[in-house]
Engineer: 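For reference, the structure I am asking about is given below.
From a predicted model like this one, the values you see are computed outputs, not experimental measurements. Any value given below was found using the heavy atoms of this structure, including those in side chains, with hydrogens, waters and symmetry copies removed. So you know, we letter chains A, B, ... as the sequences are listed, proteins then strands, and number each from 1.
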Protein chains: 2
Amino acid sequence: MATRRRGAELDDAIRAAALDLLASGGPSAVTMEAVAGAARTSKAVLYRRWPDSRALLRDTLVGMARAAIPHEDTGSYRGDMLAVLRGWAALFTGPQAGMLRGVVAAAVQDEQLAETLARDLIGHRKAQMAELLERGVERGDVRADVPVHIARELGQSVLWHRLLVSGDPIDDDLVVELVDEVLVPFVAPRA
Amino acid sequence: MATRRRGAELDDAIRAAALDLLASGGPSAVTMEAVAGAARTSKAVLYRRWPDSRALLRDTLVGMARAAIPHEDTGSYRGDMLAVLRGWAALFTGPQAGMLRGVVAAAVQDEQLAETLARDLIGHRKAQMAELLERGVERGDVRADVPVHIARELGQSVLWHRLLVSGDPIDDDLVVELVDEVLVPFVAPRA
DNA sequence: ATCCGAAGAAACGCTTGCGTTTCTTGCCCG
DNA sequence: CGGGCAAGAAACGCAAGCGTTTCTTCGGAT
């Protein structure tokens, strides 16, 4: 052991360890004992920073959230939605899939976690989708009276449903089909 | 205690107790100790019938499943879908909502349970929706080349998404809007 | 140089559920 | 009417994980 870590340095090491455990074993792997072990520190150090293990998990999740699903303007509603849904599909079929399902499961059982996610993540996503639609309206490939509260979640819903409920496969054909057969017609200006 | 229960009688009492616990406390409440207590029997009796607690939970869930979401022919695709989605919406906003979320969470963590549900429940629902669409095709209010694998889950997906992920409210306006703005146009024969 | 706050280590008791075991008690069948 | 099988009751050891506590050991700020 080189030197005893303190303050921010130790803090970062703990968060990194928690993130590792979350990614590899899901939310239930983020225990005080496991994090302390993985960060080569002790539980007392953790309890000095978080009131309980759920708080540490919430913190870890919010920290991780900034990463996923970038969001840029491709110049068309179709292109934007393809990019967004392909981002989700990649997450749902990649190595993170299990962890995502675990997070949803954890949120079901932990009201505080559910609130945190709703406020810090889902709200963010909703706003992004609303912007995407707004751009389309200004551009003219989305009708002005589109029901935003439906359009913003319609595509994602199917992917989540497959991930969490039906278990049906998620692939690029599905994404393209959703965009071209469902979403674009739904938001298109009426002839 | 009148007389010592045996065989089928005891069996039924155990299943009823498990069902109670499932409904009131979710899947995690279906523990061997709790079921034995609620059925006024002992754990040894349970272990004589099920290899472990997860098997008992699976059994209980499958037994319960036959109840939900009836399915009749209303004479139109619109009517059928309204009935189906209103059924889901009622489940998702009623007292069973927490239990349903818990079941999904449990299935995430228990591969065997997930398989059981996929085989005994979700397969059943998929078949029902395929029939519903087939009736529409024959009747003429659903186009023959409708992408069944999307149409059969599109409406439900949004409701599940709100229940499990976004937490957004589910009400009858949403159901009607989904049917009239999304589903009916999507399956309607092309002009 | 020293000293106080934090890090680190290691126990502790508590709780919950598991799955097993032992023993007694009753009921039904032959 | 009696013997065997299953019900019922209670205890056991095990495993995790929690949150706490105690004690030692650093090391940076004064």
Engineer: Could you check whether B/Arg101 makes a cation-pi contact with B/Phe92, meaning its NZ or CZ is under 6.0 Å from the centre of the six-membered ring and within 45° of the ring axis?
Structural biologist: no

Engineer: Atom CG of A/Asp11 and atom P of C/dG8: how far apart are they, to the nearest Å?
Structural biologist: 12 Å

Engineer: Short of 4.0 Å, heavy atom to strand atom, which residues of residues 102-109 of chain A count as contacting DNA chain C?
Structural biologist: none

Engineer: Rounded to whole angstroms, how far apart are CG on B/Leu10 and P on C/dC28?
Structural biologist: 13 Å

Engineer: Starting at NZ of A/Lys43 and ending at C1' of C/dA6, how long is that distance when rounded to a whole Å?
Structural biologist: 19 Å

Engineer: So, A/Arg143 side chain and A/Phe186 main chain: donor-acceptor pair closer than 3.5 Å or not?
Structural biologist: yes

Engineer: Among residues 19-36 of chain B, which ones have heavy-atom contacts with DNA chain C below 4.0 Å?
Structural biologist: B/Thr31, B/Met32, B/Glu33

Engineer: In this structure, how many angstroms lie between the P atom of C/dA7 and the CD atom of A/Glu9, rounded?
Structural biologist: 11 Å

Engineer: I'd like to know if the side chain of A/Asp80 pairs up with that of A/Thr74 as donor and acceptor (distance under 3.5 Å, no hydrogens or angles considered).
Structural biologist: yes

Engineer: For DNA chain C, which residues in residues 46-56 of chain A have a heavy atom at a distance below 4.0 Å?
Structural biologist: A/Arg48, A/Arg49

Engineer: Using only side-chain N and O atoms of A/Ser42, determine if any of them is under 4.0 Å from OP1 or OP2 of C/dA7.
Structural biologist: no

Engineer: Can you tell me if B/Arg162 uses its side chain to pair, donor with acceptor, with the backbone of B/Pro169 under 3.5 Å?
Structural biologist: yes

Engineer: Show your reasoning for whether salt bridge (charged side-chain N to carboxylate O under 4.0 Å, His left out) applies to A/Arg78 and A/Asp180.
Structural biologist: CA-CA 8 Å; A/Arg78 179 176 187 278; A/Asp180 286 333; 2.6 Å; yes

Engineer: Is there a donor-acceptor pair closer than 3.5 Å between any side-chain N or O of A/Arg139 and the backbone N or O of A/Gly75?
Structural biologist: yes

